[in-house]
Amino acid sequence: MPDGPSIDFTHHYAPDLRIAGQAQALARADVLDPATGRPFGDAPVAEEETLDRAVAAAMEAQREWRTRPWQARADTIRAFADAVAADADILGHLLAREQGKPLAKARGEVMGAGFFMNGFADLTLEPETFRDVDAQYVQAERRPIGVVAGITAWNYPVLLAAWKIAPAVLTGNAVILKPAPSTPLASLRLAELADRVFPPGLVAVLTGDDRLGPWITAHPRIGKVSFTGSVATGQAIMQNAAPTLKRLTLELGGNDAAIVMPDFDVAKHAAELFWSAMSNCGQVCAAAKRIFVPDGLYAALCTQFGQIASGAIVGPWNAEGVEIGPMQNAAQAAKVRDLITRAKAAGAVVVYEGTVPDGDGFWVPPTVLRDAADDNPVVAEEQFGPVIALSHYTDIDEVIARANADPHGLGASVWGEDLDLAMSVASQLEAGTAWVNQHPSMGPEIPFGGIKASGYGVECGRRGLEEYTVPFVLNVKRN
């Protein structure tokens, strides 16, 4: 574990917000445990002046940071990844308490963040030469933007923070991270770790209420915003950032289709398909949300999904063997409960509807529905909760058209034994990524992003790094 004080989790947890190492005196807001609905800590509420101070400190730190060699910046990111991995017990505990996911999954997210940061540190952006002849030399390189902002969602606070921080600083920028108001604590812990390896002010985490996002996206000294979250918020960010012509990367919601082929092995692969929809209590942008099953397999897969759901362990983050926790916040829980009610009223048939613990937590029972038409709310809307909608189809061309009819375009998948056929179907899907026999699967070297209403720009890979830079072309006449 990194040097520094440990955390007594039996007491109310109340970390400071620091800018260039200096604690800020700010009002505070409760942070709730989704399993109980009760506070277990609190976080600072940044004001507009707090943002101004953080931006000024970031600009100062970035002037020197951008001059460091690429390899030196990469080595510092690896040191940060090591610090995060060494802190997995504390970070995982904070993450599980504020997000609601099982403790083992929370620790897994922390280790995944370290894996991605190390992977980002292995990437490079080499200059590109366009002409090198007697008369002319033309070369392009990528240069940092300056101060960039990362705004993260509440479903994967630590992993998404790593996706914003590492590419930003690797390419020579300073970064200001704003976590969701309901999941600030693990991100503040990341800031403590970042302060141990990065120059003062280079990486700042600002927590706050709903005023903070608009201040960030309108700030004249912030040159880019990378956002992960809802379509509606992404649209608001575009409007707010327009006057200053900020560069944007928007990874927005998805309503991913999963097409089951007629040769799908139900007994062998049903569980993997089930958890591609139900992982993280269904709170995954790129989860399988619309599952289309051929007529001949429909009854069998519906039955199998009901059996898997009935065996899943539902409980709080620290329960033994728990697989499905609560929703992260009360508003999302109410939204998903309402969606289930409307889906039933519109004709969806219940295959399985589970039970949840007693108490005041943000619980939604794991639910499997079948026979929902494409205009049923559970198919037409992004669920983002522990709900699976199964629909049947007869013709493959018909189901491809149905999959592509949704306005979103984040991910999609095809499941079957004949890989050539599955790949052929996958290539016809309108999505940023189409997977075969998996959903989702990502890596630090693989670009990921959406099309249509799921946003634009990519994260990860060389293309993801380029989003944190601007091109500079040197064009030389030699004679």
Any side-chain donor paired with an acceptor under 3.5 Å for [X] and [Y]?
X	Y	answer
Ser427	Ser424	no
Asp52	His219	yes
Gln22	Arg53	no

Within 45° of the six-membered ring axis of Phe384 and under 6.0 Å from that ring's centre, is NZ or CZ of Lys335 located there?
no
Is the Lys NZ or Arg CZ of Lys178 less than 6.0 Å from the centre of Phe227's six-membered ring, within 45° of the axis?
no
Examine Tyr13 together with Phe40 and report whether their ring centres are nearer than 6.0 Å.
no
Would you please indicate yes or no on a ring centroid separation below 6.0 angstrom for Trp317 and His93?
yes
Is there side-chain contact between [X] and [Y], with at least one heavy-atom pair below 4.5 Å?
X	Y	answer
Ile151	Thr228	no
Asp209	Pro181	no
Trp163	Met442	yes
Tyr468	Lys224	yes
Arg462	Leu125	yes
Met117	Val84	yes
Trp154	Gln332	yes
Val260	Leu273	yes

Looking only at atom types and distance, does a side-chain atom of [X] sit under 3.5 Å from a main-chain N or O of [Y], one as donor and one as acceptor?
X	Y	result
Thr233	Ser230	no
Thr207	Pro44	yes
Asn404	Leu429	no
Arg28	Asp42	yes
Ser279	Ser276	no
Asn173	Pro144	no
Arg337	Trp363	yes
Asn118	Ala81	no
Glu98	Leu185	yes
Glu445	Gly119	no

CA sep, side-chain torsions, deciding dist, call: Ser413, Gln438, side chain to side chain donor-acceptor pair (under 3.5 Å):
CA-CA 7 Å; Ser413 62; Gln438 55 185 351; over 6 Å; no
Once you round to the nearest 0.5 Å, how far does [atom1] of [X] lie from [atom2] of [Y]?
X	Y	atom1	atom2	value
Leu369	Asn376	CG	CG	8.0 Å
Leu123	Arg463	CG	CZ	12.0 Å
His408	Leu410	NE2	CG	9.0 Å
Leu188	Leu193	CG	CG	11.0 Å

Is the shortest side-chain N to carboxylate O distance from [X] to [Y] below 4.0 Å?
X	Y	value
Asp338	Arg342	yes
Arg18	Glu192	no
Lys289	Glu382	yes
Arg38	Asp33	no
Lys105	Glu109	no

Closest contact, heavy atoms only, [X] versus [Y]:
X	Y	result
Ala257	Ala403	CB-CB, 3.7 Å
Cys460	Gly443	CB-O, 3.7 Å
Ser226	Lys164	OG-NZ, 3.0 Å

By the definition side-chain contact (heavy atoms from CB on, under 4.5 Å), identify the one residue from Gln62, Glu64, Arg63 that meets it with Arg66.
Gln62
Tell me every residue that passes side-chain contact (heavy atoms from CB on, under 4.5 Å) with Pro200, counting only those two or more places apart in sequence or in another chain.
Ala20
Between Arg189 and Asp87, is the salt bridge (Lys or Arg N to Asp or Glu O under 4.0 Å) condition met? List the steps.
CA-CA 9 Å; Arg189 180 65 178 180; Asp87 201 58; 2.8 Å; yes
Decide if atom CZ of Arg68 counts as having more than 12 heavy atoms of other residues, nucleotides or ligands within a radius under 6.0 Å.
yes
Taking everything shown except Met111 itself, do over 12 heavy atoms lie less than 6.0 Å from its CE?
no
Could you check Gln24 against Ile19 for side chain to side chain contact (heavy atoms under 4.5 Å, CB included), going step by step and ending with a plain yes or no?
CA-CA 7 Å; Gln24 307 295 301; Ile19 297 173; 3.8 Å; yes
Parallel, tilted or perpendicular: rings of Phe198 and Phe80 (30°, 60°)
perpendicular
Show me the donor-acceptor pairs, under 3.5 Å and distance only, between side chains in residues 236-244 and residues at least two apart or in other chains.
{"from": "Asn240", "atom 1": "ND2", "to": "Pro214", "atom 2": "O", "distance (Å)": "2.7"}
{"from": "Asn240", "atom 1": "ND2", "to": "Thr217", "atom 2": "OG1", "distance (Å)": "2.6"}
{"from": "Thr244", "atom 1": "OG1", "to": "Ala241", "atom 2": "O", "distance (Å)": "3.3"}
{"from": "Thr244", "atom 1": "OG1", "to": "Lys246", "atom 2": "NZ", "distance (Å)": "2.7"}

Mind running side chain to side chain contact (heavy atoms under 4.5 Å, CB included) on Met327 and Val336 for me, showing each step along the way?
CA-CA 9 Å; Met327 300 295 298; Val336 176; 3.9 Å; yes
Which pairs of donor and acceptor atoms, one on a side chain in residues 469-479, lie under 3.5 Å apart (sequence neighbours left out)?
{"from": "Thr469", "atom 1": "OG1", "to": "Arg142", "atom 2": "NE", "distance (Å)": "2.8"}
{"from": "Thr469", "atom 1": "OG1", "to": "Arg142", "atom 2": "NH2", "distance (Å)": "3.2"}
{"from": "Thr469", "atom 1": "OG1", "to": "Glu466", "atom 2": "O", "distance (Å)": "2.8"}
{"from": "Asn475", "atom 1": "OD1", "to": "Gln136", "atom 2": "NE2", "distance (Å)": "2.8"}
{"from": "Arg478", "atom 1": "NH1", "to": "Asp132", "atom 2": "OD1", "distance (Å)": "2.8"}
{"from": "Arg478", "atom 1": "NH1", "to": "Val133", "atom 2": "O", "distance (Å)": "2.7"}
{"from": "Arg478", "atom 1": "NH2", "to": "Asp132", "atom 2": "OD1", "distance (Å)": "3.2"}
{"from": "Asn479", "atom 1": "ND2", "to": "Asp134", "atom 2": "O", "distance (Å)": "3.2"}

Would you please test Thr367 and Ile388 for side chain to side chain contact (heavy atoms under 4.5 Å, CB included) and show each step?
CA-CA 6 Å; Thr367 303; Ile388 296 177; over 6 Å; no
In sequence, state the C-alpha distance, the side-chain angles, and the governing distance for Glu48 and Arg211, and then conclude on salt bridge (Lys or Arg N to Asp or Glu O under 4.0 Å).
CA-CA 9 Å; Glu48 194 165 12; Arg211 301 172 300 164; over 6 Å; no
Report the C-alpha distance between Val458 and Thr249 in whole Å, list the side-chain angles of each, state the deciding distance to 0.1 Å, and finish with yes or no for side chain to side chain contact (heavy atoms under 4.5 Å, CB included).
CA-CA 7 Å; Val458 298; Thr249 300; over 6 Å; no
